[in-house]
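So the structure is just underneath, and the comments pick up after that.
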Protein chains: 2
Amino acid sequence: MADTYDLIIIGGGPAGIAAGIYGARKALKILLLTKDFIGQTGKTAWVENYPGFLEISGSDLMGKFKEHLQKFPVEIKEGEKVKSLVKKESVFEIGLENNGKYLGQAVIVAGGRKPRLLNIPGEAEFSNKGVSYCSICDAPLFKNKEVVVVGGGNAGFEAAIDLLPYAQRISILEIGAKVIADEMSQRKVEGSGRVEIILEAKALEIKGKKFVEGLIYQNLKSGEVRELSVQGIFVQIGSLPMVEFLKDSNLVEFNQSGEIVVDPKTGATRTAGLFAAGDTTDVKYKQIGVAVGEGIKAALSAHEHLQRQ
Amino acid sequence: MADTYDLIIIGGGPAGIAAGIYGARKALKILLLTKDFIGQTGKTAWVENYPGFLEISGSDLMGKFKEHLQKFPVEIKEGEKVKSLVKKESVFEIGLENNGKYLGQAVIVAGGRKPRLLNIPGEAEFSNKGVSYCSICDAPLFKNKEVVVVGGGNAGFEAAIDLLPYAQRISILEIGAKVIADEMSQRKVEGSGRVEIILEAKALEIKGKKFVEGLIYQNLKSGEVRELSVQGIFVQIGSLPMVEFLKDSNLVEFNQSGEIVVDPKTGATRTAGLFAAGDTTDVKYKQIGVAVGEGIKAALSAHEHLQRQ
């Protein structure tokens with residue numbers, strides 16, 4: 001039988017790492033499971049609003065967080081994907097996609113978010129073959145190419161800004177009648193004179209042979225269907241919480257956005273011993289500094305829960 | 001008539017500074033009023049649990065926070081003590097002890113906490129003449145002296161540990177029947193063999209001429225009154241939120257500990273436009289990383305409030 005940990009933390013972003021640091025300082029026996037230590041923060045070009053660091057790349061900040069965590073005796077398993085979470089009497093059993101199993105007296109879910117997909121034909125087929133969800137990561141691959149960004153919000157405009165030094169032609173496709181990005185981002189994009197904005201346009205299908213060659217979209221006003229000839233498609237239509245492994249468990253309540261509902265004072269879910277923190281929850285503001293604070297709360301609450309047992 | 005700021009932040013600790021950084025990034029016209037940029041964090045010897053900094057002195061961390069804030073166009077007035085806060089129609093008027101007045105559309109109260117006093121004869125008279133509330137600041141002044149720490153909780157034991165390299169003899173006075181400090185601190189103190197712990201002892205009076213010469217206390221079990229001959233008295237009996245200027249205003253609700261009750265999702269108080277964050281509120285965990293997160297929430301909520309106006 002596997003060892004039982006005091007606390008298992010799912011997720012290696014700011015919330016999970018902060019929880020690990022605090023849990024370790026309370027001398028808990030901790031296992032932290034994570035796909036990687038990148039997440040949304042690691043894919044951010046520049047972080048200028050995490051207090052204490054005037055300007056730091058997202059990947060450097062994640063590096064510092066990880067180094068801080070590793071100072072403490074927390075067992076870390078990287079490259080793990082969680083498939084299931086069940087509670088058996090007072091112990092939680094976590095099942096991994098590789099069929100591994102771990103037991104914990106308490107669990108903190110801090111899995112963060114993942115990009116929302118277009119769910120159109122060709123998207124899965126051409127993922128990493130021209131379809132990207134991370135402009136910071138992939139913009140340099142599109143030097144002198146024609147690209148389209150799907151999504152006219154902040155993320156879409158920021159992706160266009162990331163692409164400006166590389167791509168030859170950039171379009172932004174927005175499904176609504178107007179863009180909703182910040183003034184400042186809009187001005188940067190307009191100032192470049194090199195970004196075409198296509199409103200009321202719905203992406204329908206991604207075309208190509210080995211790599212992306214075009215995006216078919218419909219003008220929602222005229223009904224007309226057109227094809228944009230592009231080699232790159234950046235999907236920037238929001239994100240979803242990483243909660244699949246909880247969907248059928250009945251252990252937590254979800255809000256309308258599919259986020260885990262927590263007590264904002266403690267990170268507690270509706271199941272005793274199960275906590276959640278950061279962008280995967282219904283916390284109102286999805287910010288690094290907020291996720292850190294919520295991770296700390298969840299760890300201290302988990303410690304209190306274990307003390308009471 | 002004075003200018004009206006979009007947002008006035010009261011307090012220059014982790015919560016106030018985080019709020020300032022986020023408010024400035026939303027292009028708000030901000031005034032930050034603070035007594036100083038020290039507070040409880042600045043008086044902490046080592047901070048090992050603010051994610052991103054493996055080990056940093058509290059004063060260095062406050063220095064980094066302040067430097068980060070100063071990168072943005074936030075007007076800062078240091079050395080200011082707030083005396084009153086009133087709401088006149090939709091605008092807040094802040095009165096200072098020096099009779100200055102400032103107007104703001106929104107206010108974030110993030111004044112932190114201050115040491116709880118013994119409230120016994122001699123305490124005020126001998127403050128800074130042997131009576132101290134900050135072991136980090138003042139321990140070196142008591143080289144080869146006899147000192148007493150009043151309070152047998154974590155803070156009291158940490159003060160005793162700070163004093164070990166300096167003081168000749170150290171007593172800890174605890175009013176209860178047992179000490180309540182962490183195992184680890186207790187072991188350090190016991191290991192030194194130089195700290196005497198006096199239980200069930202209530203401080204009654206501080207004696208001296210120009211400087212402290214002794215502490216009179218009563219043994220609560222026997223009723224006996226004794227005098228400890230000491231040159232230093234470190235008071236470590238907890239802290240109180242800095243909220244005097246709000247006491248008569250009726251603008252906020254207080255909990256039983258005198259802390260400002262806030263909506264934990266937004267930092268909102270019961271008065272529209274008035275927010276609070278950090279250790280001055282009923283936030284459950286008083287931690288630097290938590291205060292940062294709550295400060296960010298308050299700033300983003302204040303911004304939303306101003307947008308709606």
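What you see is a predicted model; the values in this text were computed from it and never measured. Because only heavy atoms are used, hydrogens play no part in the values below, and waters and symmetry mates are left out as well, while side chains stay in. Note on naming: letters A, B, ... go to the chains in the order of the sequence lines (proteins, then strands), and numbering restarts at 1 for each one.
Heavy-atom neighbours of A/Lys64 NZ from other residues, nucleotides or ligands within 6.0 Å: at or below the threshold of 12. Around the NZ atom of A/Lys29, the shell of radius 6.0 Å holds more than 12 heavy atoms that belong to other residues, nucleotides or ligands. More than 12 heavy atoms of other residues, nucleotides or ligands sit less than 6.0 Å from atom NZ of B/Lys286. A 6.0 Å sphere centred on NZ of A/Lys284 holds more than 12 heavy atoms belonging to other residues, nucleotides or ligands.
Most heavy-atom pairs under 4.5 Å with chain B: of the set A/Ile56, A/Val292, A/Leu300, A/Asp263, this distinction falls to A/Leu300. The candidate with the highest count of non-hydrogen atom pairs below 4.5 Å against chain B, out of A/Pro14, A/Ala18, A/Gly293, is A/Gly293. With respect to chain B, the highest number of heavy-atom pairs below 4.5 Å among A/Lys265, A/Lys66, A/Glu55 belongs to A/Lys265. Chain B forms the most heavy-atom pairs under 4.5 Å with one residue out of A/Ala24, A/Ala27, A/Gly289, and that residue is A/Gly289. Chain B forms more heavy-atom pairs under 4.5 Å with one residue of A/Pro264, A/Gly295, A/Gly63 than with any other, namely A/Pro264.
Counting all heavy atoms, side chain and backbone alike, A/Gln287 lies closest to B/Tyr22 at OE1-OH, 2.6 Å. Of all heavy-atom pairs spanning B/Tyr50 and A/Pro51, the tightest one is OH-O, 2.7 Å.
In this structure, chain A has a heavy atom under 4.5 Å from the side chain of B/Phe72, while its backbone stays farther away. Contacts of A/Leu54 with chain B are made by both backbone and side-chain atoms, with heavy-atom separations under 4.5 Å. Only the side chain of B/Lys71 has a heavy atom closer than 4.5 Å to any heavy atom of chain A. Contacts of A/Glu304 with chain B are made by side-chain atoms alone, with heavy-atom separations under 4.5 Å and no backbone atom involved. Proximity to chain A (any heavy atom under 4.5 Å) is restricted, for B/Ile21, to the side chain, taken from C-beta onward. For chain B, no part of A/Asp182 is nearby; none of its heavy atoms comes within less than 4.5 Å.
Aromatic pair A/Phe53/B/Phe65: centroids not less than 6.0 angstrom apart.
Distance NE2/A/His68 to CG/B/Asn49: 7.0 Å, rounded to 0.5 Å. To the nearest 0.5 angstrom, B/Glu294 atom CD is 3.5 Å from A/Lys297 atom NZ.
If you check the side chains of A/Thr266 and B/Tyr285, you find no donor sitting under 3.5 Å from an acceptor.
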